[in-house]
Amino acid sequence: MRAFALAALVMFALDQGSKWAVVHWLGLKHRLAIDVLPPLLNFRMGWNDGINFGLLSGHPAAARWLLIALALAICAWVTWFARRDGRPRMMIAAGVLVGGALGNVADRLVYGAVADFLNMSCCGITNPFAFNIADIGVFAGAIALVLWSDPEKTR
């Protein structure tokens, strides 16, 4: 469990630290846009009160608490799943996923919405969406859990 806890803590700290630095210290919440290395990397302020790409954003109060409960339930299940497997790489993958999910939960509790600010485009394709470090952790952790899972260990 040590690898799990460390991975979760590091991911949570990276997410919350990056949000504090970009949203507050650089003032993105007021500036709304900062071109860092256009078009590859830009900071664009977005407050997501729904799911990915703004799904469920029409009912922010209900969605907020539903999504917090859902994220916590998924974190509990992922922790259980990784502990059953027991391999260090599964514990790290699960920790990265849980740390990212808890980073977005913290945003929902503090701000009422998730702070998204990373915007990346390339090769003539303009990406209208923003995301954050927590989203990277959730995605990377989930992919690693799927790729590294051992069906024999989880039965």
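Small disclaimer: the values here were computed from a predicted structure and weren't measured.
The side chain to side chain contact (heavy atoms under 4.5 Å, CB included) search around V36 returns I34, L41, F43, not counting sequence neighbours. Judged as a side chain to side chain donor-acceptor pair (under 3.5 Å), and not counting sequence neighbours, the contacts of D35 are R44. In terms of the side chain to side chain contact (heavy atoms under 4.5 Å, CB included) criterion, residue partners of I143 (sequence neighbours excluded) are, by chain and number, F139, L147. Taking A71 as the reference, V105 meet the side chain to side chain contact (heavy atoms under 4.5 Å, CB included) condition, with sequence neighbours excluded. S18 meets the side chain to side chain contact (heavy atoms under 4.5 Å, CB included) test with F117, I133; sequence neighbours excluded. Shown here are the side chain to side chain donor-acceptor pair (under 3.5 Å) partners of D116, two or more places apart in sequence or in another chain: N132. Residues forming a ring-ring contact (aromatic ring centres under 6.0 Å, His included) with W148 (at least two apart in sequence, or on another chain): none.
Rounded to the nearest 0.5 Å, atoms CD1 (I68) and CG (N104) are 10.5 Å apart.
Residue pairs meeting the salt bridge (Lys or Arg N to Asp or Glu O under 4.0 Å) criterion with at least one partner in residues 119-133, sequence neighbours excluded, do not occur; the list is empty. Screening residues 118-133 for salt bridge (Lys or Arg N to Asp or Glu O under 4.0 Å) gives no qualifying pairs among residues at least two apart or on separate chains. Residue pairs satisfying the salt bridge (Lys or Arg N to Asp or Glu O under 4.0 Å) criterion with at least one member in residues 15-32, sequence neighbours excluded, are listed as follows: D15-K19, K19-D107.
Under the 4.5 Å side-chain heavy-atom criterion for Ile, Leu, Val, Met, Phe, Trp and Tyr, F12 and L70 are members of the same hydrophobic cluster. W65 and V110 fall into different hydrophobic clusters, where Ile, Leu, Val, Met, Phe, Trp and Tyr residues are linked whenever their side-chain heavy atoms come under 4.5 Å apart, directly or through other members.
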Which atom pairs, one a donor and one an acceptor, fall under 3.5 Å between side chains of residues 118-125 and the rest of the protein, sequence neighbours left out?
| residue | atom | partner | partner atom | Å |
| --- | --- | --- | --- | --- |
| N119 | ND2 | N127 | O | 2.7 |
| N119 | ND2 | F129 | O | 2.8 |
| S121 | OG | N127 | N | 2.8 |

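When all heavy atoms are compared, the tightest approach of A115 to W47 is CB-CZ3, 3.5 Å. The minimum heavy-atom distance linking L145 with A94 is given by the pair CD2-N, 4.0 Å.
Remark: R83 CZ is loosely packed, at most 12 non-hydrogen atoms of other residues, nucleotides or ligands lying under 6.0 Å away.
With R64 contributing its side chain and R108 its backbone, the two residues share a donor-acceptor pair below 3.5 Å.
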